[in-house]
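Reviewing the structure listed below.
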Amino acid sequence: MTLLLRAADLHVSYGDEHVLKGVDLQIASGEFIALIGPNGSGKTTLLHALVGTAPPGRGSVAIGGHDLATAPCQAKSMVGCGVDPAAFPALLTGRECLALFAGARGLSGIPSTAFALAETLSLASVLDRRIGSYSLGMRQKLGILLGLLGEPPLLLLDEPFNGLDPRSALAFKQHLLTLVAEHGASLLLATHSLHMAEHHASRVVLLMDGAVRHVWDAAELAAIREDPRQSLEKAMAEVCDL
Amino acid sequence: MWSRLLMTPVLLLLACVAIACGTLYAGSGWCIAASGVLAFAGGQALMRGGLTNVLMRARFGWCAALPADPRVTTRVTLGLTGVALLAAIVAGTLLLGLVAIAAPHREATGLAATALDCGLVIGTLVAVWLVLREDGVVRMRHADGIREPLLALPWLNDARLPHLLDWQRRATLVNWRRGGSLAIVGSVLLLVPMGALISAVVALVLVTASLVWLGVAMRASAEVTLMAVRLLQATPGVAGRLRPVALRYPLVALACALILALAAVILVHAGPLAVVAWCLCAIAVSSWPFHRIFVATRRRGNAS
């Protein structure tokens, strides 16, 4: 498999607070990596650092062979990341926001796949409403649509299931798994859902205190799945107690 | 609210224009009235906008669910308003003193300063009264829902970042409706002496309205640009494309305001000095927002 993302010795600080302390991460194409860890462990900051939106720090990130510091345009064109619902423009409609992002990504218009996903997530009917009138769940769905716009090869999603109704959450989970399994997309998913990580991820990375504490590879995850007495939750607890 | 205090120099420039035009009406009484009424209108508009923003955040923002006594919130807001008023009075008086050096009716500077300060105080009191009325904030909240302009200009949108201009235009409209800016235009009408030609009245309204609207459009455009930068920072190639797109609406606004001002100049057959005075006011209104847009959209590193 081709190496799609390589992050080496990532350090990020907010003032005196060192949030990331030398994180190394590699993602191959077609990989589904679940990023787990307690609150404040640095998951969101890591995702920001991987797309260059975190405060400048030490370390390097290369996406598709393009260095994020020296060729950010080429590197960012290969990444789709979920958008914080709080940052949405309340004065634009969902469709207008999609068009704005499509323009920013260099697309000629909103791709048909975005409308198909909007239908799947039951968001199509409200796309012409102002975002200011959206509920939390609708904003979350729009954030997902924006992140997946143009189906970039690498997806970075931060708790995308938050606020979704069960039906939409199931539909979106199946959509993600299809993207990974059939379209060869790579997915880095920051999540607290250990069930999702245990049953669907090809690798699970545990982040604690700004550093990678443990990695479960595909073989270890398969062993956990096969043993009815084992679970990722127990395995994580054991690692945390070390 | 503090950023709105930057409007004080603009207000003073308007007063300066009024003083410079004083000879037209052959008397300094008009100049003093100009200072007072413009300060009243400006103070009312600025404080009303700032207070509304603060109280709307308190009533509908994330902190609205906190168990805070609304009376305490109101008291703190009023305290901040008082501090802002004091700062405006000090800044206004100092700037008027500087302006007076070149004013034709220098003997009236003291009275003009008094009128300016009184105007600011009364304008602030009126703003406080308007906002704290039982449903003042709630009515503002509902007014936000009406955002469609009478004249839509879809062809102005840039295909590279579609709808950014719509975002700026709608934000301008919302801020215009929130800030009580029309009060300034209305107050200018009060300054017109008896027997003035209708063309002079129309010209005065055109000049004032163009500058006030330009200020609102510039500030709203800068705010939206900052938000767009944060929103789109993870997307590729935005650093290079955002600046020309973000500047499009402010430049169109500037051109429209200039057309209005030129119409006013033609109406009263004013000389080039009037155009220069208007341009100085426009620069005062636009320079800070333009600076914010340029800083927000500057390329970082080798971003392309």
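We name chains A, B, ... by the order of the sequence lines, and we start the count at 1 in each one. Everything numeric here is computed off the predicted structure, so don't read it as measured data.
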| query | Which bit of B:Arg160 is near chain A, if near means a heavy-atom gap under 4.5 Å: side chain, backbone, both or neither? | reply |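 Backbone only.
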| query | Under a 4.5 Å heavy-atom cutoff, which of A:Leu107, A:Leu92, A:Thr93, A:Val51 has the most pairs with chain B? | reply |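 Of A:Leu107, A:Leu92, A:Thr93, A:Val51, A:Leu92 has the most heavy-atom pairs under 4.5 Å with chain B.
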| message | Below 4.5 Å, heavy-atom pairs only: which of B:Ala171, B:Ala234, B:Ala159 has the largest tally toward chain A? | response |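 Top count of heavy-atom pairs under 4.5 Å with chain A: B:Ala234.
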| message | Looking only at heavy atoms and a cut-off of under 4.5 Å, which of B:Leu164, B:Asn157, B:Leu231 has the most pairs with chain A? | response |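 Greatest number of close heavy-atom pairs with chain A: B:Leu231.
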| said: Consider side-chain contact (heavy atoms from CB on, under 4.5 Å). Of B:Thr172, B:Leu254, B:Asp158, B:Leu156, which one does B:Tyr249 pass it with? | reply: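 The residue from B:Thr172, B:Leu254, B:Asp158, B:Leu156 that satisfies side-chain contact (heavy atoms from CB on, under 4.5 Å) with B:Tyr249 turns out to be B:Thr172.
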| Do B:Val216 and B:Arg219 touch side chain to side chain, with heavy atoms closer than 4.5 Å? |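 Yes, side chains in contact.
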| To the nearest 0.5 Å, how far apart are OG in B:Ser221 and CZ in B:Phe290? |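 The distance works out to 8.5 Å.
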| request: Applying side chain to side chain donor-acceptor pair (under 3.5 Å) between B:Asp166 and each of B:His163, B:Gln168, B:Arg170, report the one that passes. | output: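 That would be B:His163.
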